[in-house]
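What follows is a short report on a single structure.
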Amino acid sequence: MPASDFYERVYDLVRLVPFGRVTTYGHVARHLGTGQSARVVGWALNQCPPDVPAHRVVNRFGALSGAIHFGGPLVMEDRLRSEGVAFDEEGRVVLTEHLWVPE
DNA sequence: GGTCTGACTAAAT
DNA sequence: GATTTAGCCAGAC
C-alpha cells in the first residue's frame, strides 16, 4: 500500500530520468497532471528512496535547491558532475544542455 | 484536530 | 516589469 499515488508517480517519473540528464519539479508536477503541486514533488523526494535519483531533480532555474536535504550541499552537485552534467558560474545546471522533459 | 510550513511554479495584480 | 497571491499534498507542531 503506497503512501499515495502521487508519490508513486513522482518516483516513477524521476526514475525515468536518463543518466546525465536533469528535470525540474514543475515538469514532473505538470506531467502528473497537477502543475501546481511542484511542492509535493519536492516533499515526495524528501523521502529520498534509493531507487529515485533525486539528485537529477532541480528547480526551474537549474539550482540544486534540495542539495541541503540530500545529505550534503556538495553531494548532489558532485554526483551530477560525475554524470557529466555541466554547471554554470552560479552553480546551476545548464538546463539548455541537460534538461530532460518527461513525455 | 486545526494550522503552518515545505526540495516550487505559474498566474494575477 | 516587478511583486504578491494562490494552489497543490503530506507531514510536523
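Since the model is a prediction, treat every value here as computed from it, not as a measurement. The sequence lines fix the lettering, A, B, ..., with proteins before strands; numbering per chain opens at 1.
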| said: Output the rounded distance in Å from CZ (Arg30(A)) to P (dG7(C)). | reply: 16 Å
| said: Tell me the closest heavy-atom pair linking Ser65(A) and Asn59(A), and the distance in Å. | reply: OG-ND2, 2.8 Å
| Backbone N or O of Leu80(A) within a donor-acceptor pair of the His55(A) side chain at under 3.5 Å? | no
| field | From dC8(B), dA7(B), dC9(C), nucleotide with atom closest to Arg39(A) side chain | value | dC8(B)
| Say you pick atom P in dG1(B) and the same atom in dC8(C); how far apart are they, in whole Å? | 24 Å
| Separation of atom CG in Asp5(A) from atom C1' in dC9(C), rounded to whole Å | 12 Å
| request: Let me see the working for Thr23(A) and Leu13(A) under side-chain contact (heavy atoms from CB on, under 4.5 Å), right down to the final yes or no. | output: CA-CA 10 Å; Thr23(A) 189; Leu13(A) 187 62; over 6 Å; no
| said: What's the gap between dC4(B) and dT5(C) when it is taken at their P atoms, as a whole Å value? | reply: 15 Å
| request: Quickly work out the Gln36(A) CD to dG7(C) P distance and round it to whole Å. | output: 9 Å
| query | Whole Å only: how far is the OH atom of Tyr7(A) from the P atom of dA7(B)? | reply | 13 Å
| request: For Leu45(A) and dC8(C), give me the distance from atom CG to atom P, rounded to whole Å. | output: 20 Å
| message | Could you tell me how far apart Arg79(A) (CZ) and dA7(B) (C1') are, to the nearest whole angstrom? | response | 15 Å
| request: Quick one: label Asn46(A) by what it contacts on the DNA or RNA (base, sugar-phosphate, nothing), any heavy atom closer than 4.0 Å. | output: base
| query | Atom CD1 of Ile68(A) to atom P of dT5(B): distance rounded to whole Å? | reply | 20 Å
| request: Measure across Gly66(A) and Tyr25(A) and return the closest heavy-atom pair with its distance rounded to 0.1 Å. | output: N-OH, 4.1 Å
| request: Could you give the distance separating dT4(C) and dA7(B) at their C1' atoms, to the nearest angstrom? | output: 22 Å
| task | Using atom OH of Tyr25(A) as one end and atom C1' of dG6(B) as the other, report the distance to the nearest whole Å. | result | 11 Å
| query | Out of dA7(B), dC8(C), dT9(B), which has the shortest distance to the side chain of Ala38(A)? | reply | dT9(B)
| said: Can you tell whether the side chains of Arg79(A) and Glu83(A) come within less than 4.0 Å, N to carboxylate O? | reply: no
| Nearest listed nucleotide, side chain of Val40(A), among dC8(C), dG11(C), dA7(B) | dC8(C)
